[in-house]
Structure formats: C-alpha cells, structure tokens
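Chain letters run A, B, ... following the sequence lines, proteins first, then strands; residues in each count from 1.
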Number of protein chains: 2
Amino acid sequence: MTKLPGKRKTTAEIYQLIRNKITSFEMFPGDRVTEHELADLFEVSRTPVREALKRLEVEGFVSVRPKHGCFIRDFDIVELAEYYDIRIALEQLAVEHACESMPDKLVKQAMEAWDPARHDDDMARGIDLSVKDEAFHIGLAEGAQKPMLADMLRSINNRIRIIRRLDINADNRSLRTYREHFEVLQHILNRDAGKAKLAIKRHILRSRDFAKTLTLTALAQKKAQIRAGNTR
Amino acid sequence: MTKLPGKRKTTAEIYQLIRNKITSFEMFPGDRVTEHELADLFEVSRTPVREALKRLEVEGFVSVRPKHGCFIRDFDIVELAEYYDIRIALEQLAVEHACESMPDKLVKQAMEAWDPARHDDDMARGIDLSVKDEAFHIGLAEGAQKPMLADMLRSINNRIRIIRRLDINADNRSLRTYREHFEVLQHILNRDAGKAKLAIKRHILRSRDFAKTLTLTALAQKKAQIRAGNTR
DNA sequence: CGATGCAATGTTGTATACAAGCAGCGCATG
DNA sequence: CATGCGCTGCTTGTATACAACATTGCATCG
C-alpha cells in the first residue's frame, strides 16, 4: 500500500503487489507484461518477479507463454459458474462435517459475528465485508477440522475474489448475507446437516446468480473505461 | 527416464525428477535436501532447482523453511482421508454433470476401455493401471465439460498419487476397478445421476479404506528399511 | 508483386556471484 | 561449572550476466 522507496521488497511482497494490480483491474485481462517491466516498476531484480509470476501462474492469475511474455488471464463467466458449483459441493461437505464436529463454542462465536442485528453497526464501523465473508466460509471448514478442505476453498477464493468483492460490497446484498450466514450457523448448532447443507447451497447459488450479472456489467464498464482512457 | 548426460535439463524435467524421487520413496518424508545438493545431482544450476522446488511446495510435496532447508513433507493418514472425502464430493459433481452433458460417444468409448472382459488382456500387455485409472476419473470431469473441476481433481491426485499407485497395483483390486468404473459409466449412459453418484461414491470409499491400511504398512516397511539401511 | 529466408530484437531460461540470515558450537567469563 | 556472547559455516534470497529461442520486419530472389 504505502510505498517505502528505500526498503528492498521481498518476493512475497512482489506477489501481493502484482496480485493487487490484477484484482483491482489495474492490469487488465489480456494485457501483456514482461518480467523486466515489473522488475523496473518495483525496483527489484527479475528474480523475485519471476518467482511471484510463477506462483501467480499456478494460481491462475496469469499465464506465461515461454519466451514470449506474461499475460493477465481473462476470467470468463462460464469458468466462474463452474467455480461456484465446485464451491457448493465443497462447502456442503464442510457444513456436513461442521455439524458433526464443530464445537458449539465456535459456532456461537460465529453466530455473534453474523447476527443480523449487528449489520448496521458493522457497516458504520466500515468493516471490510469481503474479508469477513471469506473468513466465514473458510471458518466452517476449519471449524470442522478439515484443513485441506479449507486450503482448497482458499485457492478457489483466490480465483473468484475479484467477483466476490464486487458482489459483497453491493449494499442491497450485505444484510442478506448476514441473514443467510446466520441461518446456516443456526442449523449447524442444531446439528441438522440436511437443512444446513440446503441453506449453504441456496446462499452460494444466490451469490452466483448475482455475481454473474454483476461481473458482466463491471467488466464491460472497465473495458469501456480502459478503451476510452489510455493507450499505454 | 533414460539419462542423457550431455543434455542440459530443463526446469520441468527437474520438477519431474524430484517428484519421482519423492513419490517413489527415494526421498523419504522428513528428509532434508538443499538446493545445492539437488543442483549437483542433476548437474544444473540452483535456479531451475529452485523453481521446481517452489512448484513442489505449492503442490504440497515439500516445505521450504527459509534459510534453513527444504524438507520432504510427510503425509499423514488423516490428511489423506480428507482428500478422499473431497474427491467424493467433487467426483459426484463431475458424474452429475456428465449425466447431463457427456456425449454418448465418449461414454461408450470409456466403457470399451473399462470393459471387465478386457482386464486380462490389459494386464498381459503391461498397461500402467495407475495412469489409466487417473485418466478415467479426470476424464469424467472433462467429458462433462468442466475443465476447472478437472484441474482440481488433477491437483488432488498429485497429492495422493503415491498412495493410489500402491492401491491400484494391488492385483486383487485391479479387476474390481474395471467393474466399478464400468458400472459408473453404465449409469451415466442411462443418464441416471442418482445411481451414478452412488456408484462413484462407493468406488472411492472402497479405494479410501483400502488405501488407508495399505499406506500404513507401506510406510512402516519403508521406514524400517531406511532405518536398517543408512544413516545419511 | 509475392513468398521466403535471414538477421535483429526482445523475451524468457539458466548460470553464477554476492548478500543476508540462522543455527550450532566454541570460547571466554562470572 | 554454567551461561552468555560472538563467530563461523551453511542455506536460502537476490542481483546480474549470459544463452537460447521465438517473433517480426526487411531484404532479396523467383
């Protein structure tokens, strides 16, 4: 965020910086960047840039065409829908396990955090809902003692975070998110796996449908904006 | 496979070589290796070794402790069981989609490959069952036009390949594998998602239970062997 | 005029040199 | 004898130089 000119940046920082540039649409899908460019930009050598790009490639943010350049990967709607489907399958699994083994204490703790009554207060405090939302979904898997499942959810989130950010920040959805999360947690507390699975499915499906249209418009906007603005 | 001493190896090859050493128990969990060692061993510089290790780290084969060394990661039974559970969820999803959209032609093609009548012939020909098996499971997702799902299954397979290899090569299971795969395909051809999902679930569950005991004994054997053999 | 070869340029791939940091050990000192 | 401090060796982290290769534009030839 803040630029410290003197400090030499580490690979992990470069990774974050590039990812931010992508997820904030500063670098647009299809753009081609070279390792040298990025190295100059961040004032480091190509080595850490390369490592960061390698990781970003594994995670699907960019694709490196050998000897040619590095391209920001496009995300198409079909791909996103697929990820949402996968999320449903995995999170239903997480919820099922949570019903079996997530301690009451943790569930109640989460319920406090997602009590719809808290919504306005949180908003007033300027809580970053996208972060809180991610913590909820990952937290179910972690609460159920399924670290690998949590890992997979994290990696999926990496891919769709761009969209979820747009999604979750839409005002008209934020209260609904509280309600839906709260409902899921209630069912978990009651150890009713069937209802909990259904609730989480509905919740994700709603997100998906919303995200779909939202993405289209957001991308279109950005595209227009880019086209109008610069010729870098 | 065959060693060409003159040819300089590329990063991808180094990656494969190291992974093979791990999955074939040539490098044992807990072992510490240094980049320099590997570079010397493969007669390349540290750079490609580093890149290969980075990738292996992402995929969970090794863990690099900064400034200290690179350790072959242990796989514990609990973790493996979790992966099998995840596979059930994901492959049920794949099968469901396959019932909807996998073309008859592809299904029939797969059924030919997995016709139990072919089993003895395949064995005689020395077919690598672990490869064929992986192609089946991935193939369902691909046939259903779900490339991202296929990707995720691939990455899970990377993690449990060691075990699956032991599993699938056990003679007494190979014919059963043909039968179970064939059954799943039959249900898909009939577009009976319910039965297909149940069949794939049973199939993976059986694998899991078998793998569990198998891994324990295999690991124990190797451990004993190592303990007896060397003190490197 | 068009196609083809060829060289120049730019990009990633690899090797090597140097920096930084941590662990373990030995030494000195209380 | 115990303990704290610093030093050395080893390992990863980063910078840079060089190699290989793909693309592209131009020139030359049919």
Got a sec, which pairs hit salt bridge (charged side-chain N to carboxylate O under 4.0 Å, His left out) with one end in residues 102-114 of chain B, sequence neighbours left out?
B/D104-B/R191
Qualifying residues under salt bridge (Lys or Arg N to Asp or Glu O under 4.0 Å), relative to A/E35, sequence neighbours excluded:
A/R46, A/R50
Can you tell me the distance, in whole Å, between the CD1 atom of A/I14 and the P atom of D/dG13?
15 Å
Can you build the contact string for nucleotides 9-21 of chain C? Use B for base contact, S for sugar-phosphate-only contact, and - for no protein heavy atom under 4.0 Å.
--SBBBBBB--BS
Mind checking ring pair (Phe, Tyr, Trp, His ring centres under 6.0 Å) for A/F136 and listing every partner two or more places apart, or none if nothing turns up?
A/W114, A/H181
Could you pull out all donor-acceptor pairs under 3.5 Å where a side-chain atom in residues 143-154 of chain A meets a protein atom, sequence neighbours excluded?
unit_1	atom_1	unit_2	atom_2	d
A/D151	OD1	A/R154	NH2	3.4
A/R154	NH1	A/E142	OE2	3.4

Would you be so kind as to tabulate the donor-acceptor pairs closer than 3.5 Å made by side chains of residues 85-95 of chain A, with sequence neighbours excluded?
unit_1	atom_1	unit_2	atom_2	d
A/D85	OD1	A/R208	NH1	3.1
A/D85	OD2	B/H97	NE2	3.4
A/R87	NE	A/E91	OE2	3.0
A/R87	NH2	A/E91	OE2	3.2
A/E91	OE1	A/H137	ND1	2.6
A/E91	OE2	A/H137	ND1	3.4
A/Q92	NE2	A/K197	O	3.1

